[in-house]
Amino acid sequence: MNWDKSDQLYEKSKKYIPGGVNSPVRAFQAVGRSPVFIERAKGSKLYDVDGNEYIDYVCSWGPCILGHGHIGVIDAVKKACDNGLTFGAPTENEYILANLIHELMPSMELTRLVSSGTEAVMSAIRVARGYTNRDMIIKFRGCYHGHSDGLLVKAGSGALTQSVPDSKGVPYDYTKNTLVADYNDVKSVEDLFERYADKIAAIIVEPVAANMGVVLPEEGFLQFLRDITTKHDSLLIFDEVITGFRLGLGGAQEYYGITPDLTTLGKVIGGGMPVGAYGGRKEIMEMVAPIGPVYQAGTLSGNPIATAAGIETLKTLKNTPDVYTRIEFQTNKLASAIKDRFENQVCVNRIGSLMSTFFTTKKVIDFDSALTSDTNKYTNYFGYLLEKGIYLAPSQYEAMFISYAHSEEDIEKTCEIIRNCTCV
Ligand SMILES: *Cc1c(COP(=O)(O)O)cnc(C)c1O
């Protein structure tokens with residue numbers, strides 16, 4: 001494969017954009033390569049500026065669950081454009097989308113639309129703090145909730161010390177109210193509640209962790225989080241930016257039968273346009289301005305083009321009964337091919353259409369076990385697949401995404417290439 005044009009664009013971009021990219025993982029740094037510049041995409045395929053074609057297993061990091069350039073979604077966007085791009089005043093689309101979200105995810109009694117997952121999480125936490133009159137929150141190591149200051153934290157040294165910033169530029173004062181626990185570790189959460197119980201506004205969790213690679217909640221873990229927050233009058237926030245409309249129409253909360261107090265959404269609900277949402281129990285969401293004292297706003301929130309894409313995406317998911325069974329079936333086939341090829345050398349974590357291949361012999365159940373992966377092996381695996389026209393996430397610690405547009409043929413071809421991999 002030839003990447004001359006991509007390489008040239010990368011050099012030019014680096015002159016005016018930090019690292020040549022507008023989101024760090026796109027730079028392919030973790031896999032030691034230069035990024036591929038994409039020109040267009042259709043269905044399951046990406047086409048780069050050099051004319052190379054790839055079967056895409058990133059799907060824009062989740063949103064493109066129906067595949068790229070879905071005709072219904074594109075038409076809805078074009079139609080909406082004809083009426084103007086933004087009004088800064090309420091529109092019917094916002095009602096339709098909020099109503100649809102409530103129908104599919106009944107815990108979302110009131111929903112506020114924003115423009116990204118980061119914004120959704122940041123706002124949900126503000127509401128949780130406003131509602132409980134408490135400042136502290138608990139997050140889990142390895143879970144990602146966007147790039148707001150208070151969530152870019154890592155655990156301090158010593159089990160019960162408070163966390164410290166995980167990025168330069170984040171003041172210590174902005175992270176001192178963020179406590180860090182270990183995913184799937186009940187005791188780490190109990191210890192924090194023992195020490196800070198009446199100060200903890202909320203636990204925020206990815207109900208299925210998908211930002212340290214895919215890590216499933218162990219039996220009873222989510223129920224435990226529900227119980228301990230209820231017991232201490234704290235709120236439970238499910239960050240379903242990835243799992244929402246991905247694990248099923250009702251997200252992880254339906255899949256596991258656990259109802260959070262607040263939920264954050266993103267990715268799929270925009271169908272490829274920038275949309276995020278947060279919402280939940282009515283009395284909690286009534287804290288939000290203009291009816292409540294918690295301020296949150298957005299010039300382009302509920303944008304008519306973005307909501308048109310979101311509505312069409314959710315409606316299509318709702319009206320296409322085999323979406324979730326089919327993408328799960330396809331993902332399973334890929335998982336089998338990987339297990340056949342790398343028997344005993346990898347841990348494959350999969351749920352629904354979310355999957356990660358960790359190059360480790362350990363069972364991956366949390367951040368520490370995820371870190372036992374041999375990232376050099378992943379780098380080789382990634383490079384081999386890219387050369388063969390298979391586009392995986394350029395990092396070991398990301399999920400693989402499959403869309404409804406992936407055909408039998410795409411999957412068979414990918415399985416065959418994986419089975420023939422001699423690079424690892
Ligand atoms: C992607 C992601 C976010 C951040 O969403 P952006 O739209 O990138 O700001 C938050 N939480 C989770 C679980 C995510 O996967």
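Order of listing sets the numbers, starting from 1, for every ligand and every atom in it. Keep in mind that the numbers below use all heavy atoms, side chains included, and drop hydrogens, waters and symmetry copies. The residues of the chain are indexed from 1 along the displayed sequence.
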Identify the closest protein heavy atom to atom 9 (O) of ligand 1: which residue and atom is it, and at what distance?
Thr118 OG1, 2.6 Å
What are the atoms of ligand 1, with element, lying closer than 4.0 Å to any heavy atom of [X]?
X      : value
Ile242 : 15 (O)
Asp239 : 10 (C), 11 (N), 12 (C), 13 (C)
Glu206 : 13 (C)
Ser116 : 7 (O), 9 (O)

Decide if atom [atom1] of [X] counts as having more than 12 heavy atoms of other residues, nucleotides or ligands within a radius under 6.0 Å.
X      : atom1 : answer
Gln29  : CD    : no
Tyr174 : OH    : no
His147 : NE2   : no

Nitrogen or oxygen of Gly117 less than 3.5 angstrom from that of ligand 1
yes
Between Lys267, Met122, Glu240, His145, which one has a non-hydrogen atom sitting closest to atom 14 (C) of ligand 1?
Lys267
So, do Phe28 and Tyr10 have ring centers that fall under 6.0 Å from each other?
no
So, does Asn93 use its side chain to make a donor-acceptor pair with the main chain of Thr307 at under 3.5 Å?
no
Residue portion contacting ligand 1 (non-hydrogen atoms closer than 4.0 Å) for Glu119:
neither
Answer with side chain, backbone, both or neither: which part of Asn211 has a heavy atom less than 4.0 angstrom from an atom of ligand 1?
side chain
